[in-house]
**Student:** 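Input: one structure, supplied below.
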Amino acid sequence: MGKLLKGQVALVTGASSGIGSAAAIFLAKEGAMVGVNYHSDREGAASVVAEIKRSGGKAISIQADVGDEKSVETMFAAVFEEFGNLDILVSNAGIQQDAAFHKMTLAQWNKVINTNLTGAFLCARAAVKYFLKRGVVEGISRSAGKIIFMSSVHQEIPWAGHVNYAASKGGLTELMRSLAQETADDMIRVNSIAPGAIKTNINKEVWSDEARLKELLKLIPYNRIGVPEDVAEGIVWLASDKSEYVNGTTLFIDGGMTLYPGFVGNG
Ligand code: NAD
């Protein structure tokens, strides 16, 4: 087991699948004790916890809806009760509810904003309250706390047919930057990761269809779809003191998707 995050406690939301589950496992490999949040997939979370424990780590699964204030409070209370503190929040839970703009219902709009943006606000607020009270713990980390938001290349690339999702990630960017500015003096670091196309449940209908995958690859200069582990590596780095001077930034992990792939071959 590595030592980068020895003695630290992490909470990962939406950790029963995809990027969140890889993040929980990678953080634990580096010595962090992990709260594995899930919404409805209790078995998925249980298998992540079991995998961490098999490797000698510590983890618990915690049910919560990140878009619900009471539920978020209960989730943080469960982390404090089990591990006594918190050092790292990975605010990862997110959903898509796609529709042409003129057909998008208010329910579809609200659901995505509530999970992807309000959920990030509620979780980050709970973490910041604790980090401010607790401060830096010598010998654990040089920061009082680290927050990593899971954004998307669509914080930057407009996405027709997914206006609610793109708006949620664009909003998340300024939430991240403003919060980083507000809490830097308190030694709290706040950053985002913006993944490109990563092979998870959220986009299964694309990568499981050969023709659609071929079209998708045209958007990725590196010419392969990403895997959750590609993103988890970045999460570990942003959570550790290796990135101590990194604050208020977005790390794109996208195989070059944001490099205007239409210009490959001289445009
Ligand atoms: P995923 O569907 O496997 O993971 C999303 C997780 O969020 C699931 O475990 C789900 O149960 C959880 N979740 C949904 N609503 C919740 C709620 N209200 N409360 C708590 N948990 C909730 O897909 P993923 O790709 O691993 O997505 C993780 C994050 O990465 C999301 O924020 C997504 O927007 C972002 N992302 C993914 C990609 C990609 O290509 N896969 C690209 C860019 C950004």
Side-chain angles (χ1 to χ4, degrees), residues 11-26 35-49 61-76 78 89-98 110-124 126 148-157 159 162 164-173 175-176 192-208 212-213 216-217 219-220 224-232 234-235 250-255 257-258:
L11 171 61
V12 185
T13 67
S16 57
S17 62
I19 293 169
S21 68
I25 290 163
F26 272 50
V36 175
N37 159 249
Y38 68 97
H39 182 247
S40 38
D41 182 6
R42 180 197 290 259
E43 280 174 20
S47 84
V48 174
V49 168
S61 68
I62 312 165
Q63 197 285 327
D65 175 350
V66 296
D68 180 88
E69 192 171 23
K70 271 263 154 309
S71 191
V72 168
E73 278 168 22
T74 308
M75 169 171 69
F76 275 77
L89 167 68
V90 182
S91 174
N92 164 77
I95 53 165
Q96 282 180 221
Q97 298 236 325
D98 310 329
N110 282 340
K111 181 87 184 140
V112 169
I113 297 294
N114 189 57
T115 303
N116 297 9
L117 187 55
T118 308
F121 158 69
L122 291 171
C123 293
I148 298 152
F149 291 115
M150 199 50 59
S151 185
S152 160
V153 287
H154 297 296
Q155 72 173 47
E156 187 157 320
I157 304 175
W159 204 13
H162 308 257
N164 47 0
Y165 184 82
S168 74
K169 299 298 188 181
L172 188 56
T173 305
L175 163 59
M176 179 277 287
S192 288
I193 288 184
I198 309 297
K199 196 173 179 181
T200 69
N201 289 336
I202 214 170
N203 50 12
K204 192 171 181 187
E205 76 290 348
V206 179
W207 52 259
S208 57
R212 291 188 70 185
L213 177 61
L216 173 65
L217 288 177
L219 299 175
I220 309 172
R224 76 161 166 86
I225 190 165
V227 291
E229 292 73 17
D230 292 319
V231 182
I235 292 171
T250 298
L251 173 60
F252 284 81
I253 300 181
D254 68 350
M257 190 178 247
T258 38

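In listed order, ligands and their atoms are each counted from 1.
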**Student:** List every atom of ligand 1 that sits less than 4.0 Å from any heavy atom of Gly18, numbering the atoms from 1 in the order shown and giving each element.
**Tutor:**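 Listed by number with element: 3 (O), 26 (O).
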**Student:** For ligand 1, which atoms, with element, lie under 4.0 Å from some heavy atom of Gly196?
**Tutor:**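 Result: 38 (C), 39 (C), 40 (O), 42 (C), 43 (C).
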**Student:** For atom 1 (P) of ligand 1, what is the closest protein heavy atom, and at what distance to 0.1 Å?
**Tutor:**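 Result for atom 1 (P) of ligand 1: Ser17 OG, 3.6 Å.
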**Student:** Counting each atom of ligand 1 from 1 as listed, which ones have a heavy atom of Ser16 under 4.0 Å away?
**Tutor:**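 Atoms satisfying the 4.0 Å criterion: 9 (O).
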**Student:** Against heavy atoms of Ile95, which atoms of ligand 1 measure under 4.0 Å?
**Tutor:**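 Taking each heavy atom of Ile95 in turn, ligand 1 has 14 (C), 15 (N) under 4.0 Å.
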**Student:** What's the shortest heavy-atom distance between Met257 and Gly196, and which atoms?
**Tutor:**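 Distance-wise, the nearest heavy atoms are SD-CA, 4.0 Å.
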**Student:** Can you tell me which portion of Thr115 lies within the under-4.0 Å heavy-atom range of ligand 1? Options are side chain, backbone, both, or neither.
**Tutor:**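 For Thr115, only side-chain atoms sit under 4.0 Å from ligand 1.
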**Student:** So, Asn114 side chain and Thr118 main chain: donor-acceptor pair closer than 3.5 Å or not?
**Tutor:**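 No; judged by distance alone, with no hydrogens or angles, the pair does not exist.
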**Student:** Hey, which atoms in ligand 1 end up nearer than 4.0 Å to a heavy atom of Asp65?
**Tutor:**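 Counting from 1, the qualifying ligand atoms are 17 (C), 18 (N), 19 (N).
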**Student:** What's the shortest heavy-atom distance between Ser168 and Asn116, and which atoms?
**Tutor:**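 In this case the closest contact between Ser168 and Asn116 is OG-ND2, 3.2 Å.
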**Student:** Is it the side chain, the backbone, both or neither of Ala197 that has a heavy atom closer than 4.0 Å to ligand 1?
**Tutor:**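 For Ala197, only backbone atoms sit under 4.0 Å from ligand 1.
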**Student:** Considering heavy atoms of the protein only, find what lies nearest to atom 13 (N) of ligand 1 and give residue, atom and distance to 0.1 Å.
**Tutor:**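 That would be Ala93 CB, 3.9 Å.
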**Student:** Is Val153 close to ligand 1, meaning an N/O of one under 3.5 Å from an N/O of the other?
**Tutor:**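 N/O-N/O distance under 3.5 Å: no.
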**Student:** Report the member of Ser168, Ser71, Gly94, Gly20 with the shortest heavy-atom distance to atom 5 (C) of ligand 1.
**Tutor:**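 Result: the heavy atom closest to atom 5 (C) of ligand 1 is in Gly94.
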**Student:** Under 4.0 Å from any heavy atom of Lys169, which atoms of ligand 1 are there?
**Tutor:**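 Those of ligand 1 that fall under 4.0 Å from Lys169 are 32 (O), 33 (C), 34 (O).
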**Student:** Please work out whether any backbone atom (N, CA, C, O) or any side-chain heavy atom from C-beta onward of Ala64 is under 4.0 Å from ligand 1, and answer side chain, backbone, both or neither.
**Tutor:**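 Looking at Ala64 and ligand 1, just backbone atoms fall under 4.0 Å.
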**Student:** So which bit of Asn116 gets within less than 4.0 Å of ligand 1, heavy atoms only: side chain, backbone, both or neither?
**Tutor:**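 Looking at Asn116 and ligand 1, no heavy atom falls under 4.0 Å.
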**Student:** Quick check on contacts: which atoms of ligand 1 are under 4.0 angstrom from a heavy atom of Tyr165?
**Tutor:**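 With Tyr165 as reference, the close atoms of ligand 1 come out as 33 (C), 34 (O), 35 (C), 36 (N), 43 (C), 44 (C).
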**Student:** Would you mind listing which atoms of ligand 1 come within a distance below 4.0 Å of any non-hydrogen atom of Asn37?
**Tutor:**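 In order of number, 20 (C), 21 (N).
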**Student:** Answer with yes or no whether the side chains of Gln155 and Ser192 bring together a donor and an acceptor at under 3.5 Å.
**Tutor:**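 The answer is no; no qualifying pair exists.
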**Student:** Using distance alone, decide if ligand 1 has a nitrogen or oxygen within less than 3.5 Å of any nitrogen or oxygen in Asn92.
**Tutor:**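 Yes; the residue has a nitrogen or oxygen that sits under 3.5 Å from a nitrogen or oxygen of the ligand.
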**Student:** To which protein heavy atom is atom 26 (O) of ligand 1 closest, and what is the distance rounded to 0.1 Å?
**Tutor:**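 Sorting protein heavy atoms by distance from atom 26 (O) of ligand 1 puts Ile19 N, 2.8 Å first.
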**Student:** Short check: is a protein heavy atom less than 4.0 Å from atom 10 (C) of ligand 1?
**Tutor:**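 It does not: no protein heavy atom is found less than 4.0 Å away from atom 10 (C) of ligand 1.
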**Student:** Side chain, backbone, both or neither: which applies to Ala194 and ligand 1 if a contact is any heavy-atom pair less than 4.0 Å apart?
**Tutor:**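 Neither part.
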**Student:** Tell me the contacting part of Gln96 for ligand 1: side chain, backbone, both, or neither, using a 4.0 Å heavy-atom threshold, strictly below.
**Tutor:**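 The answer is neither.
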**Student:** Is the closest heavy atom of Asn203 to ligand 1 under 4.0 Å?
**Tutor:**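 Contact present.
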